[in-house]
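The basis for the numbers below is simple: all heavy atoms, side chains too, and nothing from hydrogens, waters or symmetry mates. Chain naming here is simple, since letters A, B, ... match the order of the sequence lines and numbering starts at 1 in each. The structure displayed is predicted, hence computed values, not measured ones.
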Number of protein chains: 2
Amino acid sequence: VKDSFIFDVDTRAEPAGDHQFRAELSDRWAALGVAVNGGYLLATGLQALRQVVPFPHLLVASGFFLSPGSPGPARLQTEVVRTGRRMATGEVGLYQEEREVIRVLATFTDLTGGGNRTLLLNQRPNLPPPEDCIDLGADPAMPALSIVDRFEYRMPQPLGWMRGEPSGSPHMEFWMRFRDGRPADPLSLALMVDAAAPAVLEIGQFFSATIELTVHIRGVPASGWLACRAYSRHVHGGYFEEDFEIWDSSGSLVAQSRQLALSRNPSP
Amino acid sequence: VKDSFIFDVDTRAEPAGDHQFRAELSDRWAALGVAVNGGYLLATGLQALRQVVPFPHLLVASGFFLSPGSPGPARLQTEVVRTGRRMATGEVGLYQEEREVIRVLATFTDLTGGGNRTLLLNQRPNLPPPEDCIDLGADPAMPALSIVDRFEYRMPQPLGWMRGEPSGSPHMEFWMRFRDGRPADPLSLALMVDAAAPAVLEIGQFFSATIELTVHIRGVPASGWLACRAYSRHVHGGYFEEDFEIWDSSGSLVAQSRQLALSRNPSP
């Protein structure tokens with residue numbers, strides 16, 4: 001059943017011996033300015049890595065984006081760096097035609113159980129129910145990007161940049177889920193933190209390249225809509241960071257990411 | 001002159017052929033619960049890596065902590081992952097007795113120049129001048145840790161945890177600089193983001209192990225005191241993140257880091 005979901009089909013990593021895997025990058029994850037979304041590259045690398053480590057859940061991944069990916073075959077080279085009692089760390093490089101596209105370090109663990117102390121000094125996004133929100137994918141002003149066919153996005157207000165009127169505030173809160181009904185799990189959250197339009201679109205920053213993305217998985221997501229918050233606070237010298245949080249339907253923070261990106265168009 | 005500073009002596013990585021380097025980890029960077037501070041391990045790895053990449057400034061590093069380091073010899077294995085026109089990415093593993101202690105991916109660039117657009121939706125720590133602050137190292141309640149001899153820390157108020165009275169708020173703002181007068185630079189900021197007492201001490205969380213730390217260098221620091229902010233917002237299931245910002249004397253954010261850590265004592 002699981003393999004009928006598009007995410008699982010498109011991130012499949014087939015063992016090819018000697019710690020290597022083969023994948024076929026799909027054109028179904030094209031995002032703004034890229035033929036293949038960075039989070040999709042990261043998730044594909046992690047699908048290989050999870051097969052060589054003895055723990056079920058992604059805990060933390062850091063991906064360094066080296067060159068653009070493109071639809072077509074990819075080779076994945078994995079290495080188990082260290083296996084401990086509670087967690088294991090591995091590395092994977094994703095190559096296309098011998099060009100390395102992304103290098104990833106990641107640690108896996110078993111996220112069930114653990115301490116029960118909780119201190120929360122942040123709040124989940126305060127959103128109206130998804131049914132009272134705008135379906136961004138249905139907005140004719142949404143660019144025709146295949147990744148928008150993979151996810152449903154629901155927001156209280158329309159996005160300014162889609163109408164050529166950036167709001168000036170690089171802060172977005174919205175609902176998100178796989179459009180084909182696939183439940184989110186720790187590994188797919190590593191894609192989802194990179195699967196929304198950059199918050200800096202609201203300050204008119206249209207083209208940027210991710211240099212590095214780190215995601216921490218803070219829990220196994222409960223089923224249902226995911227509440228997301230994406231924001232950038234420091235734009236300087238051509239660089240900016242984007243922070244992304246994903247909260248599940250039970251109100252728990254399940255993923256927290258930050259990426260460093262470089263603007264590709266001249267500053268206005 | 002530069003080599004007379006303790007940081008440079010203690011993080012020196014001597015080329016040993018075949019992309020390898022040798023270092024001697026010092027006992028002068030012992031921190032709470034560890035004989036060798038994690039940021040010091042990270043900086044030592046980066047001192048090797050910077051010698052194999054053609055750009056002067058650290059831009060981003062992600063370190064995965066695999067086992068505790070200890071004072072004594074270390075071997076560093078570097079790899080240049082990709083060299084581009086504007087930046088280069090490399091990897092380094094630090095080994096002691098064939099046990100890998102830390103694996104690091106990092107990108108270097110030239111941070112001078114760049115776009116001039118600046119948007120800042122955050123504020124530098126609002127601190128009284130250093131001379132009006134408490135010198136934490138002079139407080140008899142400060143634990144005798146060698147790292148406290150390496151840095152000066154100045155805070156407006158005494159720390160609660162040092163008196164057995166944690167404030168309940170895992171948020172600290174303070175001044176910091178090398179005690180021996182070494183100027184901060186991009187590489188040393190990778191140590192400094194991990195060189196203060198964890199913010200969670202103020203919620204009574206005394207022992208924790210860092211799993212992963214990512215630092216983004218956002219500018220070359222101006223000389224003078226550095227204003228720091230350390231805070232944790234999500235403690236759950238035994239895990240917590242610590243965010244750390246360093247702002248230079250000109251008011252620019254120069255480093256932004258996040259680490260994921262696991263509590264080592266049972267939750268109360």
key: NE2 (H19(A)) with more than 12 external heavy atoms under 6.0 Å   =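 Open.
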Engaged part of [X] at the chain A interface, taking heavy atoms whose separation is under 4.5 Å:
| X | value |
| --- | --- |
| S169(B) | neither |
| L262(B) | side chain |
| E241(B) | both |
| T214(B) | side chain |

message = Give me the atom names and distance for the closest heavy-atom approach of S232(A) to L121(B).
response = O-CD1, 3.6 Å
ask   = What closest approach, in Å, do L111(A) and Y239(B) show between heavy atoms, and which atom pair accounts for it?
value =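 For L111(A) versus Y239(B), the nearest heavy atoms are CD2-CE1, 4.2 Å.
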inquiry  = At under 4.5 Å between heavy atoms, what parts of residues 253-261 of chain B are in contact with chain A? List them by residue number.
reply    =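 From residues 253-261 of chain B, the residues near chain A are L253(B), Q256(B), S257(B), R258(B), Q259(B), L260(B).
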message = Tell me every residue that passes ring pair (Phe, Tyr, Trp, His ring centres under 6.0 Å) with Y40(A), counting only those two or more places apart in sequence or in another chain.
response = W29(A)
request  = Answer yes or no: is there an ion pair linking R82(A) with E100(B), defined by an N-O contact shorter than 4.0 Å?
outcome  =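 No, no charged N to carboxylate O under 4.0 Å.
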message = I want to check something: taking the side chain as every heavy atom from C-beta on, are V81(A) and F64(B) in contact at a cut-off of under 4.5 Å?
response = no
request  = Would you confirm whether R218(B), through its side chain, and G237(A), through its main-chain N or O, come within 3.5 Å as a donor-acceptor pair?
outcome  =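 Flag not set: sc R218(B) to bb G237(A) has no pair under 3.5 Å.
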To the nearest 0.5 Å, how far apart are [atom1] in [X] and [atom2] in [Y]?
| X | Y | atom1 | atom2 | answer |
| --- | --- | --- | --- | --- |
| T89(A) | I211(B) | OG1 | CD1 | 8.5 Å |
| S62(B) | L213(A) | OG | CG | 10.5 Å |
| L120(A) | H234(B) | CG | NE2 | 5.5 Å |

request  = Go through the steps to decide whether E79(A) and R103(B) satisfy the test side chain to side chain contact (heavy atoms under 4.5 Å, CB included), and finish with yes or no.
outcome  = CA-CA 12 Å; E79(A) 175 196 353; R103(B) 174 79 63 104; 2.8 Å; yes
query = What residue in L105(A), L59(A), L66(A), N122(A) has the most heavy-atom pairs under 4.5 Å with chain B?
reply =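 Going by pairs under 4.5 Å, I would pick L105(A).
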ask   = Is the closest side-chain donor-acceptor distance between E212(B) and H216(A) under 3.5 Å?
value = yes
